[in-house]
A.B. asks: 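Dropping a structure here in structure tokens format, bear with me for questions.
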Amino acid sequence: MEVGEINPWLFQVEPYPGESLSHFLGRFRRANDLTTTGLGKAAEVGGAIARWEKFRFNPPPSRPQLEAVAKVVGVDGWCQRCFKIFGEMVKSQKSM
């Protein structure tokens, strides 16, 4: 008998309407007993999770980063919504 790769499982957490990225990531981590480092490693975004949870979006999340996190947390459409919010935030900061 061959031993295959063990696929980890995570509890699914749905974002609340209007919930911030920071709050959602914190709820997801607590539901799955993950550290910021653990979620960052799983999504291959490094220390970005810790920055985002503290509302430090400089530099803002990139589309590939958000897609990687969305894949790990398993929320379809979440990446597009977040990217739209960050795009608007960057535009408003440039107009200041």
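Computed from a predicted model, the values in this text were never measured in an experiment.
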A.B. asks: Please tell me if the side chains of R51 and P59 come closer than 4.5 Å, counting only heavy atoms from C-beta onward.
C.D. replies: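 Heavy-atom side-chain distance check passes, below 4.5 Å.
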A.B. asks: Pick one: which of L66, V69, V72 meets side-chain contact (heavy atoms from CB on, under 4.5 Å) with V45?
C.D. replies: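 That would be V69; it is the only one of L66, V69, V72 passing the side-chain contact (heavy atoms from CB on, under 4.5 Å) with V45.
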A.B. asks: For the residue pair A68 and A43, what are the closest heavy atoms and their distance?
C.D. replies: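 Nearest pair, atom of A68 first, then A43: CB-O, 3.2 Å.
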A.B. asks: Show the nearest heavy-atom pair for residues R27 and E14, with the distance to one decimal.
C.D. replies: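 So the two residues come closest at NH2-O, 2.7 Å.
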A.B. asks: Identify, with sequence neighbours excluded, every residue that meets side chain to side chain contact (heavy atoms under 4.5 Å, CB included) alongside T35.
C.D. replies: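 With sequence neighbours excluded, T35 shows a side chain to side chain contact (heavy atoms under 4.5 Å, CB included) to T37, given in chain and number order.
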A.B. asks: In chain order, what residues pass the side chain to side chain donor-acceptor pair (under 3.5 Å) check against R29, with sequence neighbours excluded?
C.D. replies: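 E53.
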A.B. asks: Nearest 0.5 Å, please: how far is CG in L25 from CZ in R30?
C.D. replies: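 Answer for the CZ-CG pair, R30 versus L25, is 10.0 Å.
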A.B. asks: CG/L10 to CG/N32 distance, rounded to the nearest 0.5 angstrom?
C.D. replies: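 If we round to the nearest 0.5 Å, L10:CG and N32:CG are 4.5 Å apart.
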A.B. asks: Which residue pairs pass the ring pair (Phe, Tyr, Trp, His ring centres under 6.0 Å) test when at least one of the two sits in residues 10-31, sequence neighbours left out?
C.D. replies: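 Applying ring pair (Phe, Tyr, Trp, His ring centres under 6.0 Å) to every pair that reaches into residues 10-31, excluding sequence neighbours, yields W9-F11, F24-W78.
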A.B. asks: Please report the shortest heavy-atom distance between S22 and K54, naming the atom on each side.
C.D. replies: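 Heavy-atom minimum between the residues: OG-N, 4.4 Å.
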A.B. asks: When rounded to the nearest 0.5 angstrom, what distance separates CG in L21 from CD1 in I49?
C.D. replies: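 CD1 of I49 is found 7.5 Å from CG of L21.
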A.B. asks: Using atom types as modelled and distance alone, determine if a side-chain donor or acceptor of R56 lies under 3.5 Å from a backbone N or O of A50.
C.D. replies: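 The answer is no, because no donor-acceptor pair under 3.5 Å joins these two groups.
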